[in-house]
Amino acid sequence: MSLDQHPEFPPGWDDAKVIPGELLVPDDLSGEDLDDIAPGIVVPYEHRPPVLSRAGGATMVVASVTGRACGLTARWFFTGVRAVTVLGWRYVRAHDLQEVLGGMTKSGDWNKVDLVRKRRWKFLGWAAGITAGLNLAGWWALVKYAGMTALDYSWMIPPALTATIAAVAVTAYGRYRVNAPGIAPQMAIAEQDDPSSDEPFPLAWVTDGSGAADCLGRALFAEGVDYRDVRTLARHEWGWELEVVLKGSTPGGVQAKADQLESHLGLPDGGFMIEPDPRDKSRIVVRLVRSNPFADMPRPAVHAPRSLSVHDTVAMGRAMDGSTFELTLDGFCALIIGAMGAGKTLGALRTLNEALTACRDAVIWDLDPIKGGLGEFGDLAERRARTPEECEAALEDALAYVSARGQLLPRLGMGDRWHASEEHPNLYINIDEFIQLSSKGKELAIKILRTGRQYGIYLIMAGQEATADALGDAIAMIVAFRILMACRFEDVRIAFGPGAGAQGWRPDRMKPAVGPVANDAGQAMIMGGLFNRAIRHQFNQYTREQIAAAVPERLAAGVTRMDADTVLTAGGALSAAGQRENLTDRLEALAQQGGVEDAALVATLLRIFDDRGHEFLPTSEVLLPALEAAGIEGVDALALSNRLRKYAPGIKAGREDWGGRTQLRGWSRTAVEQCAAGLIDPVETRRKAG
């Protein structure tokens with residue numbers, strides 16, 4: 001390989017055989033393969049742009065920037081000169097006075113104009129004399145104190161400085177006029193920049209708090225809304241927050257002009273929001289929203305399994321003013337209304353149930369008569385229903401639980417209201433698309449709403465409409481929390497009450513998601529409990545993947561199921577292992593305390609069912625030998641039947657096949673559990689016996 005920049009070519013070579021650049025020859029290349037390589041000389045070199053190229057690029061950039069700056073300055077200067085000339089001519093000729101007079105129609109008008117013209121020329125004369133005097137004083141000061149020669153260039157410095165100041169002022173004024181092209185030639189200042197003007201201007205022109213207050217004040221005045229004061233409270237990424245003190249106007253009157261005000265202010269549809277002060281009807285907070293107020297909201301983290309209680313205050317999202325949006329789930333029943341794409345299921349219901357399934361003292365049911373409901377939560381829901389008939393059956397059981405807890409409340413010593421715990425959890429029944437329930441299903445839901453809250457059984461209903469026909473009854477106002485997402489105005493009136501819209505409760509001005517465009521999906525206005533502000537809230541945006549990843553962990557940690565006391569008192573059968581274990585433990589505790597006859601017998605029977613893993617066991621072949629082995633003697637088939645029926649008069653022994661033998665007489669676990677319930681609650685036993 002030659003590194004010579006000017007090599008000597010072998011005889012017979014010409015320029016066509018020379019290939020400049022680098023040539024890589026593999027180590028294993030030899031023999032005949034070498035003949036395939038064209039002859040030539042390899043000249044390695046390092047590529048770099050020439051110095052002149054780099055210098056030329058920088059020079060062009062400097063020239064471009066400098067040229068643009070000079071061009072703009074010249075444009076501003078000549079625009080200013082032209083404008084000052086026009087305004088100066090109008091000034092000395094008193095054209096402004098002539099316009100005020102409406103033309104000169106009589107000799108008195110001519111006299112007034114003549115007097116004003118003379119007065120203005122006199123003022124200009126005095127101004128010129130004072131300027132000349134200042135220049136002479138400056139020249140004298142330079143000669144006396146700066147040691148300059150009187151007849152040298154010192155006499156040019158003061159007038160040059162004066163001319164520079166005038167040129168800068170004219171250029172600045174020209175820049176102002178260029179940036180405000182709407183100024184007419186005869187106008188000295190744009191209408192919106194005149195402090196004495198009432199002309200509205202867009203919010204996009206605002207740069208500070210005083211400008212925002214002036215902008216809103218002009219827009220209100222243009223629509224006939226009188227006010228005493230407008231004060232800026234805060235500036236946010238999404239817009240401005242201001243306080244308005246009304247004078248002779250009402251919050252409803254302001255809200256009625258929202259569309260016109262948005263047009264004056266240059267806001268998007270729904271960007272003008274008000275929140276009245278409940279203590280002073282003349283004061284309202286106005287929010288001028290130019291962009292999504294929740295755009296910077298971070299993705300939430302899921303809660304650890306069994307880390308929450310319904311008595312905790314749980315963060316559900318964020319309010320529009322930047323505060324955390326929190327709920328206490330104990331006592332929480334809700335009506336969630338929103339159009340398709342508003343975020344009812346993926347926003348509100350998913351956020352609520354993410355927290356509920358992390359609670360150690362809450363049980364959830366998932367009911368949806370036409371869709372997939374909250375399928376991502378899987379087996380974390382104790383019960384799921386996907387048809388109107390299944391939903392109806394579930395609501396019948398829930399209503400039975402309400403009645404059962406009415407009997408349990410005094411016996412458990414809870415006072416006037418159910419107090420949730422791990423042993424006696426609250427039940428939350430999610431009903432998505434509740435509008436599609438059957439007539440009987442709606443009737444059952446209304447009964448649960450009216451009576452269930454006292455006993456820890458709550459409905460969370462979601463639907464697209466809040467009309468009386470859709471609800472099946474006028475139930476909106478009896479629900480503790482009403483959550484309205486993007487919906488219709490009719491829904492606002494029914495769910496929030498007549499007149500709520502005039503007080504700023506306008507979720508109907510929100511926009512649901514359309515395809516990939518999220519709009520206001522997941523945002524809601526909430527009324528109920530401590531929520532009494534007409535302000536938007538954003539629910540946490542959990543993804544399906546987050547929920548799917550959390551489900552196995554929560555199942556492994558253990559899922560709370562309905563308590564055995566409620567199920568058995570309602571006449572149901574225990575199905576969850578936790579319910580059965582809880583019942584057996586309670587009976588064994590009673591047996592150890594003593595004084596409760598047959599508690600040990602029934603507890604032993606339940607343990608036998610647990611050990612065998614069957615729902616039916618024959619009496620003579622399994623139950624009696626197991627009782628004898630456990631130390632309970634003197635019990636035969638008749639005695640066992642009598643002792644069990646003493647606590648549950650309605651139960652009977654049955655016959656089933658067992659161990660290859662047919663129709664053996666025995667007892668089902670459900671019958672023994674009913675006996676256990678009667679033993680724990682003797683009042684219930686007497687009621688059934690009666």
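Throughout, numbering of the chain's residues begins at 1 and tracks the sequence. Fair warning: this is a prediction, and the values are worked out from it, not measured in the lab.
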side-chain hydrogen bond (donor to acceptor under 3.5 Å, both in side chains) against [X], all qualifying residues, sequence neighbours excluded:
X	result
D321	S323, R533
H264	E223
T560	R306
R405	D563, T566

Is any side-chain heavy atom of [Y] closer than 4.5 Å to one of [X]?
X	Y	result
F201	D214	yes
R488	E465	yes
V285	E241	yes
L459	I448	yes

**Prompt:** So, does E390 use its side chain to make a donor-acceptor pair with the main chain of R386 at under 3.5 Å?
**Reply:** yes

**Prompt:** Going by the salt bridge (Lys or Arg N to Asp or Glu O under 4.0 Å) test, which pairs reach into residues 394-404, not counting sequence neighbours?
**Reply:** R383-D397, E396-K440

**Asked** With sequence neighbours left out, which residue pairs that include part of residues 352-363 fulfil the salt bridge (Lys or Arg N to Asp or Glu O under 4.0 Å) condition?
**Response** E354-R554

Salt-bridge contact [X]-[Y] (side-chain N to carboxylate O under 4.0 Å):
X	Y	value
R218	E199	no
R318	D296	yes
R509	D259	yes

[X]: which residues meet the ring pair (Phe, Tyr, Trp, His ring centres under 6.0 Å) condition with it, sequence neighbours left out?
X	value
Y227	none
F496	W505
Y428	Y458

**Prompt:** Would the H424 and H419 ring centres measure less than 6.0 Å apart?
**Reply:** no

How would you list, by chain and number, every residue that makes a salt bridge (Lys or Arg N to Asp or Glu O under 4.0 Å) with [X], sequence neighbours excluded?
X	result
R235	none
E376	R350, R544
E243	R231, R283

**Prompt:** Looking only at heavy atoms, which two atoms of D565 and T569 are closest? And how far apart?
**Reply:** O-OG1, 2.6 Å

